[in-house]
Amino acid sequence: MTDSAVSDSIQVQSFDHITLVVKDLEASRQFYVDFLGMEHVPRPGFSFEGHWFQIGDQQIHLILEHDQSGKAGNLDPEQNTRTHHFAFQVNDAKQAYEKALSREIPIVSPPKSRPDGATQTFVNDPDGHIIELCSLT
């Protein structure tokens with residue numbers, strides 16, 4: 001890319017949020033708050049139901065599936081690590097895996113080492129969205 005192309009680009013400043021459509025707000029709240037430890041924060045008074053969760057400077061926005069939303073969940077039938085997913089850094093991916101097992105959270109992939117030395121494990125949220133939990137240990 002040339003210097004003029006870079007100067008003509010929008011120049012994204014930061015990542016703001018991910019929005020997911022879900023079928024059950026309470027089951028999703030339990031996953032994102034009780035399991036992952038995110039903070040449930042107030043959201044504006046939209047005309048549809050949802051929840052917002054804070055992660056550092058970013059957020060996860062959940063929209064309850066309705067007649068004007070997209071479909072809830074992961075629509076990709078391939079439940080593997082090489083499909084649509086997003087990742088959260090955690091203190092210990094192996095410990096996260098053990099906690100997921102104890103809470104009967106669906107596992108997509110047990111802990112394994114990435115080529116960069118990090119450890120990763122993959123789980124499903126209540127709607128089947130694939131989430132990577134990764135750590136440097």
Side-chain angles (χ1 to χ4, degrees):
M1 187 177 286
T2 66
D3 288 338
S4 64
V6 170
S7 65
D8 288 343
S9 66
I10 295 171
Q11 296 297 305
V12 170
Q13 297 174 2
S14 67
F15 188 85
D16 187 72
H17 71 274
I18 296 169
T19 297
L20 301 172
V21 179
V22 302
K23 287 190 179 289
D24 183 333
L25 285 173
E26 179 55 22
S28 294
R29 188 207 59 76
Q30 289 174 13
F31 178 84
Y32 288 96
V33 174
D34 298 345
F35 175 62
L36 292 178
M38 296 179 186
E39 179 185 2
H40 191 193
V41 296
R43 72 188 274 273
F46 292 105
S47 62
F48 51 90
E49 292 184 65
H51 288 313
W52 283 11
F53 306 114
Q54 194 74 37
I55 319 159
D57 293 335
Q58 290 81 37
Q59 294 183 339
I60 297 286
H61 295 178
L62 301 184
I63 295 172
L64 183 63
E65 183 179 65
H66 59 89
D67 63 351
Q68 295 178 356
S69 74
K71 296 287 184 196
N74 181 358
L75 303 179
D76 188 343
E78 294 295 321
Q79 287 289 302
N80 64 55
T81 62
R82 295 186 179 144
T83 189
H84 306 281
H85 71 275
F86 52 95
F88 296 124
Q89 188 168 343
V90 298
N91 288 332
D92 186 331
K94 291 176 185 174
Q95 181 184 47
Y97 168 77
E98 294 299 328
K99 285 186 178 182
L101 284 176
S102 71
R103 294 184 184 203
E104 299 181 355
I105 291 172
I107 305 297
V108 177
S109 174
K112 59 185 174 184
S113 293
R114 288 191 323 212
D116 64 358
T119 300
Q120 61 185 167
T121 190
F122 292 78
V123 300
N124 281 131
D125 78 356
D127 287 279
H129 298 110
I130 299 172
I131 299 169
E132 177 182 345
L133 303 172
C134 58
S135 64
L136 300 177
T137 58

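The model shown is predicted, which means the values in this text are computed figures rather than measured ones.
- In this structure, Asp57 places its CG atom where only 12 or fewer heavy-atom neighbours from other residues, nucleotides or ligands lie under 6.0 Å away.
- Of all heavy-atom pairs between Pro42 and Trp52, the closest is O-CE3, 3.7 Å.
- Side-chain atoms of Ile63 and Phe46, non-hydrogen and from C-beta on, never get closer than 4.5 Å to each other.
- For Glu65, the side-chain hydrogen bond (donor to acceptor under 3.5 Å, both in side chains) partners at least two apart in sequence or on another chain are Lys23.
- Under a hydrophobic-cluster definition in which Ile, Leu, Val, Met, Phe, Trp and Tyr are linked whenever side-chain heavy atoms come within less than 4.5 Å, directly or via other members, Val108 and Tyr97 are assigned to different clusters.
- Using a distance-only test at 3.5 Å, with no hydrogens or angles considered, no donor-acceptor pair links the side chain of Thr83 to the main chain of Asn80.
- When the side chains of ILVMFWY residues are joined at heavy-atom separations under 4.5 Å, either directly or via intervening members, Val21 and Met38 end up in two distinct hydrophobic clusters.
- In this structure, the separation between OG on Ser109 and CD on Gln79 is 11.5 Å, given to the nearest 0.5 Å.
- Both Tyr32 and Leu133 are members of a single hydrophobic cluster when ILVMFWY side chains are connected at heavy-atom separations under 4.5 Å.
- Between Val33 and Phe53 there is a side-chain heavy-atom pair separated by less than 4.5 Å.
- The distance from atom CD1 of Ile60 to atom CD1 of Ile55, rounded to the nearest 0.5 Å, is 4.0 Å.
- When the options Arg43, His17, Gln54 are evaluated for a side chain to side chain donor-acceptor pair (under 3.5 Å) with Gln59, the one that passes is Gln54.
- Note on Asp24 versus Arg29: no salt bridge recorded, every NZ/NE/NH1/NH2 to OD/OE distance being 4.0 Å or above.
- In this structure, the separation between CD1 on Ile105 and CD1 on Ile131 is 9.0 Å, given to the nearest 0.5 Å.
- Between Ala27 and Pro126, the shortest heavy-atom contact is O-CG, 3.5 Å.
- Linking Ile, Leu, Val, Met, Phe, Trp and Tyr whenever their side-chain heavy atoms come within less than 4.5 Å leaves Val41 and Leu64 in two separate clusters.
- Classification of the Phe122-His85 ring pair by plane angle, with boundaries at 30° and 60°, yields perpendicular.
- No more than 12 heavy-atom neighbours from other residues, nucleotides or ligands sit within 6.0 angstrom of CD on Glu49.
- Below 30°, between 30° and 60°, or above 60°: for Phe88 and Phe86 the angle between ring planes is above 60°, a perpendicular geometry.
- For the atom pair CG (Asp92) and CG (Leu136), the distance works out to 10.5 Å, reported to the nearest 0.5 Å.
- With a 6.0 Å radius and a threshold of 12 heavy atoms from other residues, nucleotides or ligands, Asn91 has its CG atom at or below the threshold.
- Criterion: ILVMFWY side-chain heavy atoms under 4.5 Å apart, direct or through other members. Under it, Phe15 and Leu62 are part of a common hydrophobic cluster.
- Asp127 places no side-chain N or O within donor-acceptor distance of the main-chain N or O of His129, the cut-off being under 3.5 Å.
- Annotation: the span from Glu132 atom CD to Gln120 atom CD amounts to 4.5 Å, rounded to 0.5 Å.
- The neighbour count for Glu26 CD, taken as heavy atoms of other residues, nucleotides or ligands under 6.0 Å away, is above 12.
- Minimum interatomic distance between Ala93 and Pro111 (heavy atoms only, all atoms of both residues): O-CG, 4.4 Å.
- Using a 4.5 Å cut-off on side-chain heavy atoms (C-beta onward), Leu36 and Asp125 make no contact.
- Counting heavy atoms from C-beta outward, Phe31 and Val123 have side chains that approach closer than 4.5 Å.
- Between His51 and Ser28 there is no side-chain heavy-atom pair separated by less than 4.5 Å.
- In this structure, Lys99 NZ and Thr121 OG1 are separated by 14.0 Å, a value rounded to the nearest 0.5 Å.
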